[in-house]
Amino acid sequence: MTADPSLRNVKAWPFEEAAKVADRLAANPKPEGAPGGALFETGYGPSGLPHIGTFGEVARTTWVRRAFERITGLPARLIAFSDDMDGLRKVPDNVPNKAMLAEHLGRPLTAIPDPFGTHPSFGAHNNARLQAFLDTFGFEYEFASSTDYYRGGRFDAALLRMAERHDAVKKVILPTLGAERKATYSPFLPIHPETGVVMQVPMEEVRPEDDLLVWVDPATAKRHGTRITGGHCKAQWKADWALRWFALGVDYEMSGKDLIDSVKLSGQICRVLGGTPPASFTYELFNDENGQKISKSKGNGLTIEEWLRYAPPESLAYFMYQSPQRAKRLFFDVIPRAVDEYLGHLEKLRVQPEPTNPAFHIHNGSSNDPGSPIGFGMLLNLASVVNADEPEMLWGFIRRYAPGVTPDSSPMLARLVEYAVAYFRDFVAPTRQHRAPSTLERGALEDLLQVLRSLPEDSDAEAIQTLLYEVGKRHPFANLRDWFACLYQVLLGAQEGPRFGGFVALYGIPGTIGLIETALARGAGEDLAPREAPAA
RNA sequence: GAGCCGGUAGCUCAGUCGGUAGAGCACGGGACUUUUAAUCUCGUGGCCGUGGGUUCGAGUCCCACCCGGCUCACCA
């Protein structure tokens with residue numbers, strides 16, 4: 001890609017961030033022989049599974065990466081770094097074989113059998129889950145395992161440097177700790193040679209010249225000597241981050257605001273080691289619809305599975321693009337708007353690619369996706385109106401609204417129709433209240449039933465509509481509006497609805513007959529099973 | 001205690017380089033419709049948290065304060 005330095009002035013945060021990376025790289029050139037270009041990192045905790053925030057972080061980092069490539073014309077790599085050598089602190093509650101895991105507490109995740117039995121270790125299992133997750137979205141990245149890096153010696157030189165400057169490293173961290181933790185703190189966490197546990201103990205001696213850590217097991221009072229290099233110890237969190245930045249030459253890493261202090265302290269340690277910390281970017285965390293924090297126990301907020309059940313991943317990417325440094329509320333109601341705003345930007349991108357356009361970043365520069373001639377908000381309304389429990393119901397109405405539009409000509413619309421139907425099934429249908437018909441209405445419905453039964457199945461909407469009026473007029477409704485209200489409320493469980501002739505034509509005469517029979521049976525006192533409510 | 005974000009229409013939010021205040025929803029009128037929905041159209045609605053400062057001019061930049069939310073101070 002050819003460099004376009006003018007892009008660094010584009011008022012879009014990925015370009016602003018990329019300019020920071022370019023400046024950092026210019027001021028801190030890679031050493032001779034090292035791969036050129038910039039290194040971007042995203043990191044993952046050891047025990048958690050990928051979630052909506054994981055998606056956001058990788059998507060956002062990717063946008064900065066691409067912007068960097070456009071500005072500088074230089075290559076850029078993204079490593080997804082898994083801290084899989086970390087000790088297991090507690091047994092997660094969403095896994096099998098908890099008793100087995102409990103026996104391995106404190107050991108590196110890669111040294112613990114996989115409770116699912118599908119991978120060589122628990123760490124390998126989680127790593128595979130992470131990669132599978134990232135792969136479903138087509139992210140480009142290089143996976144990095146902390147354990148592999150430690151054992152493979154990729155951190156050895158940096159570890160020895162940290163040993164040489166052990167006191168200075170401790171001096172960064174100690175002032176931030178309480179008295180209790182201060183007494184036991186060490187940037188080095190040796191792996192216990194007998195138990196395999198990642199030890200949090202003070203170092204008696206740190207001897208870089210001998211590649212040796214000397215420490216005492218508090219449980220046995222036994223002295224141990226552990227090699228610094230080769231994966232026999234790992235670094236404690238903030239030191240570990242700094243070590244990684246220093247050893248790999250990371251140029252850019254973003255993180256949530258909960259890590260502001262860690263970024264600061266790890267940066268200081270990185271400098272103590274003789275490196276320059278990466279350009280950093282702090283994003284805000286998401287809240288629920290009431291502006292409250294999202295907690296798994298409360299179940300508030302929104303999972304990525306929920307989002308992707310009701311809207312395309314591009315709309316989630318767009319949501320993530322928007323104001324990453326503002327605390328945004330993440331709950332169901334933001335989805336339709338995100339979809340429609342995304343569609344708007346997609347349309348503009350197709351016509352004229354502009355680097356300030358969010359869709360420019362989401363689609364890496366351009367797209368010829370024709371988008372959707374109908375907005376998502378409208379589709380959701382329509383789905384409710386026409387009782388769209390099947391895509392074909394929506395398509396029937398779409399064909400009349402936008403003639404010539406088909407799933408082939410508008411693949412995006414075809415996807416949105418599926419999402420709208422899912423929305424209707426999960427959120428609208430369960431709220432429908434089918435009331436029983438009055439005596440008057442019962443008579444009219446029975447009349448309609450006879451009429452429909454004698455009607456050809458391919459009767460068109462207008463013909464059916466005419467018959468509906470005739471049936472309504474045959475019965476003493478105060479006005480015809482009441483007749484149609486009866487149809488919506490008794491047959492569909494809704495207060496309002498579509499022109500009923502059109503509905504019957506699409507829903508099918510046999511289907512409509514079924515609706516009426518069900519309603520009459522309900523009115524006769526039969527106890528029908530309520531529609532099953534979805535898990536919200 | 002330290003730090004981050006926010007406060008703009010009834011609600012949810014946008015507001016670019018400082019230049020007459022915007023959208024969606026809601027509400028009201030109209031069109032379409034064989035008196036029914038979606039849809040389309042027009043409209044009502046603002047001390048831009050408060051006070052100061054810079055400026056010819058501030059929602060926007062600076063300072064102070066008030067209110068709300070979140071995060072970190074154990075681990076990662």
Side-chain angles (χ1 to χ4, degrees), chain A residues 9-12 43-48 83-90 106 109 146 175-178 180-182 184-185 189 198 200 234-241 255-266 282-295 322-329 331 333-334 336-338 340-341 344 354 356 374-388 394 397-398 400-402 462 465-470 472-473 477-489 492 494-503:
Chain A
N9 298 317
V10 169
K11 291 202 177 317
Y44 305 92
S47 44
D83 189 10
D84 58 8
M85 197 161 155
D86 196 60
L88 181 67
R89 313 245 161 244
K90 59 171 190 185
L109 271 89
S146 179
T176 70
L177 298 176
E180 205 172 310
R181 184 73 180 97
K182 207 176 278 190
T184 61
Y185 179 81
L189 308 177
V198 182
Q200 293 202 35
K234 79 181 292 288
Q236 187 272 343
W237 156 238
K238 292 177 186 108
D240 200 42
W241 215 8
S255 51
K257 79 167 180 185
D258 52 324
L259 293 185
I260 287 176
D261 289 340
S262 296
V263 170
K264 195 175 154 198
L265 294 168
S266 294
T282 300
Y283 53 82
E284 264 284 354
L285 274 25
F286 297 117
N287 292 325
D288 75 357
E289 57 190 305
N290 300 314
Q292 302 295 303
K293 67 174 172 182
I294 290 171
S295 72
Q322 286 288 301
S323 316
Q325 292 184 303
R326 291 177 69 147
K328 293 202 299 292
R329 299 180 199 189
F331 64 111
D333 299 26
V334 306
R337 181 172 174 167
D340 281 333
E341 291 187 3
E354 295 282 355
T356 51
I374 300 177
F376 193 50
M378 185 165 147
L379 278 179
L380 294 181
N381 279 341
L382 192 59
S384 297
V385 169
V386 306
N387 256 41
L394 272 177
F397 285 88
I398 289 168
R400 267 189 297 174
Y401 177 85
E462 282 310 307
Q465 185 75 6
T466 302
L467 290 171
L468 284 166
Y469 278 102
E470 287 175 4
K473 285 173 185 168
F477 287 101
N479 56 49
L480 272 180
R481 178 190 286 261
D482 292 345
W483 166 230
F484 286 105
C486 154
L487 294 175
Y488 302 135
Q489 293 165 13
L492 302 183
Q495 289 305 305
E496 299 170 324
R499 278 176 64 81
F500 214 76
F503 174 85

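Quick note on labels: first sequence line is chain A, next is B, and so on, each numbered from 1.
For F484(A) and Y469(A), the distance between ring centers is under 6.0 angstrom.
Note: CD (E289(A)) to C1' (C13(B)) measures 15 Å, nearest angstrom. Rounded to an integer number of Å, the gap from CD of Q322(A) to P of U16(B) is 13 Å. Following rounding to the nearest Å, L379(A) (CG) and G24(B) (P) show an atom-to-atom distance of 18 Å. Between the CG atom of L259(A) and the P atom of C5(B) there is a distance of 16 Å, given to the nearest Å. Here U39(B) presents its P atom at 6 Å from CE of M378(A), a figure rounded to the nearest Å. Taking atom CD of residue E496(A) and atom C1' of nucleotide A37(B), one finds them 6 Å apart after rounding to whole Å. Residue D333(A) contributes atom CG, which lies 13 Å from atom P of A26(B) at whole-angstrom precision. E284(A) has its CD atom 12 Å from the P atom of C72(B), to the nearest Å.
Dashed line: the shortest gap from a side-chain N or O of N381(A) to OP1 or OP2 of A37(B) is not under 4.0 Å. Using a 4.0 Å cut-off, no side-chain N or O of R499(A) falls inside it from OP1 or OP2 of A38(B). At A14(B), one or more side-chain N or O atoms of R326(A) fall inside 4.0 Å of OP1 or OP2 (strictly under the cut-off). Contact check, Q325(A) against C4(B): no side-chain N or O comes under 4.0 Å of OP1 or OP2.
For the pair T184(A) and R181(A), the minimum side-chain heavy-atom distance is below 4.5 Å.
Candidate nucleotides U34(B), U39(B), A76(B) were compared by shortest atom distance to the side chain of T466(A), and U34(B) ranks first. Closest to the I260(A) side chain, of the nucleotides A37(B), G3(B), A76(B), is G3(B).
Taking atom C1' on both nucleotides, C62(B) is separated from C70(B) by 26 Å, rounded to a whole Å. Between the P atoms of G10(B) and C4(B), the separation comes to 32 Å (whole Å). Taking atom P in both G59(B) and C47(B), one finds a spacing of 13 Å when rounded to whole Å. Across the P atoms, U44(B) and A21(B) are found 15 Å apart, a figure rounded to whole Å. Between the P atoms of U8(B) and U60(B), the separation comes to 14 Å (whole Å). Using C1' as the reference atom, A23(B) and U16(B) are 16 Å apart when rounded to the nearest Å. Spacing between C48(B) and C67(B) at atom C1', rounded to whole Å, works out to 16 Å.
Of the charged side-chain nitrogens involved, at least one lies within less than 4.0 Å of a carboxylate oxygen, so that K234(A) and D83(A) count as a salt-bridged pair. A salt bridge does not link E284(A) with R326(A): every distance from a Lys NZ or Arg NE/NH1/NH2 to an Asp or Glu carboxylate oxygen is 4.0 Å or more.
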Query raised in the report: Which dot-bracket string describes RNA chain B (Watson-Crick N1-N3 plus N6-O4 or O6-N4, or G-U N1-O2 and O6-N3, all under 3.5 Å; [ ] crossing; | other strand)?
Result: (((((((..((((.....[..)))).(((((.......))))).....(((((..]....))))))))))))....
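N479(A) places a side-chain N or O within donor-acceptor distance of the main-chain N or O of D482(A), the cut-off being under 3.5 Å. D84(A) places a side-chain N or O within donor-acceptor distance of the main-chain N or O of S146(A), the cut-off being under 3.5 Å.
Nucleic acid contact class of G377(A) (heavy atoms, under 4.0 Å, all strands): none. As judged by a 4.0 angstrom heavy-atom cut-off over every strand, L487(A) is placed among residues making no nucleic acid contact. Across all strands, D83(A) comes closer than 4.0 Å only to sugar-phosphate atoms, never to a base (heavy-atom distances). Across all strands, S384(A) comes closer than 4.0 Å to no nucleic acid atom at all (heavy-atom distances). Residue-level contact check: Y401(A) touches the backbone only, with heavy atoms under 4.0 Å from sugar-phosphate atoms and none from bases.
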Strictly under 3.5 Å: I want the nitrogen or oxygen pairs between protein and nucleotides 9-12 of chain B, one per line.
none

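With hydrogens and angles ignored, no donor-acceptor pair under 3.5 angstrom links the side chain of T356(A) to the base of U16(B). Between the side chain of K257(A) and the base of C70(B), a donor-acceptor pair under 3.5 Å is found.
Note that CD of E470(A) is 11.5 Å distant from CD of Q465(A), once rounded to the nearest 0.5 Å.
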**Report entry** side-chain contact (heavy atoms from CB on, under 4.5 Å) assessment of F503(A) paired with L487(A)
**Finding:** CA-CA 11 Å; F503(A) 174 85; L487(A) 294 175; over 6 Å; no
